[in-house]
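For reference, the structure is listed below as structure tokens.
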Amino acid sequence: MMHDPSIAYRFSTALVREPAPSVVDGMRAEDRGSPSFDVFMEEHLAYRAALEEAGLTVHVEPALPELPDSVFIEDPAFVLPEGGVLLNLSAPSRDEEPDEVREALSELVALTELPEGFVDGGDLLFTGREVIAGLSKRTTQEGLDSLAKILAGWGYPLRPVAMPEGLLHLKTGSALLDEETILAVPLLAQSGVFTGYNVVEIPEGEEAAANALRLNAVMLIAAGYPETAEMLSIMGYEVMTSPVTQAQLLDGGLSCMSIRF
Ligand code: CIR
């Protein structure tokens, strides 16, 4: 089956979830201080506005105070043009999140469920012709094998790749720029996982800018990374920025806070 690869960044809709005050207790690999709920909320509102400016209609799900990381709504589900897959999250404090997106997502897309294993949505990079999938600490081979069977039915191969230490998810360190080009931190870029694509390396010191989003004509990157912004502008991308300082304290960023389709 041939697909138009630009489907990987043409979106009309995004699903986001309001942060709850409990977001300050969200998981983090390293403690660099807890986020402020008020600033998180301000940044979330700016993020929603940026998604709208990029042409997406944003559906906002209510906050879930009992699930502190549920604002990172990208992880419990994966949606492609053919349909969505409810995933299984291996982090015990997040294992109820897929159930919480079921109702809203099933009103928007045809939904199926991952039968076994664990996969976090943040490990799945759809390029239009395949899904590159990071075998992170959260995502298991068993999970990827069962996801691969679902994706095969939609005509997309899934390619598992090993993840270097120090990155929570594959998309913590990479983003699609266009169907042939991936933006990545040097660690991932040089590891060979993106064979077959042009890889643009993030400038040294701006690694957090790799958690970015191509949305229709726009490349949305985190605010505060001027070298990355300039590099992408020079390459001809229309760059927009949005601050995610509080999500970053919880190892999150732009891609983690929405499901786009
Ligand atoms: C976690 O550790 O699960 C959250 N604090 C951050 C999840 C970020 N999500 C993503 O990269 N897709």
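For the single chain, residues carry numbers from 1 onward in sequence order. Order of appearance sets the numbers: ligands from 1, and atoms from 1 within every ligand. What you are looking at is a predicted structure, and each value in this text was computed from that prediction instead of being measured.
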Donor-acceptor side-chain pairing of Asp25 and Ser22 below 3.5 angstrom:
no

Check ligand 1 for N or O atoms under 3.5 Å from a protein N or O and list each pair with its distance.
from     : atom 1 : to     : atom 2 : distance (Å)
ligand 1 : 2 (O)  : Arg138 : NH2    : 2.9
ligand 1 : 3 (O)  : Arg94  : NH1    : 2.8
ligand 1 : 3 (O)  : Arg138 : NH1    : 2.9
ligand 1 : 3 (O)  : Arg138 : NH2    : 3.4
ligand 1 : 5 (N)  : Met27  : O      : 2.8
ligand 1 : 5 (N)  : Asp69  : OD1    : 2.8
ligand 1 : 5 (N)  : Leu250 : O      : 2.8
ligand 1 : 9 (N)  : Asp75  : OD2    : 2.8
ligand 1 : 11 (O) : His169 : ND1    : 2.7
ligand 1 : 12 (N) : Glu74  : OE1    : 3.1
ligand 1 : 12 (N) : Asp75  : OD1    : 2.9
ligand 1 : 12 (N) : Asp75  : OD2    : 3.4
ligand 1 : 12 (N) : His169 : ND1    : 3.4

Any side-chain donor-acceptor pair under 3.5 Å between Gln190 and Glu201?
yes

N-O pairing of Asp75 and Arg138 below 4.0 Å:
no

One thing to verify: whether Glu100 and Arg17 come together as a salt bridge, which I'm taking to mean a side-chain N less than 4.0 angstrom from a carboxylate O.
no

Check the side chains of Tyr225 and Thr241 for a donor-acceptor pair under 3.5 angstrom, ignoring hydrogens and angles.
no

Geometric class of the Phe72/Phe40 ring pair [parallel <30°, tilted 30-60°, perpendicular >60°]
perpendicular

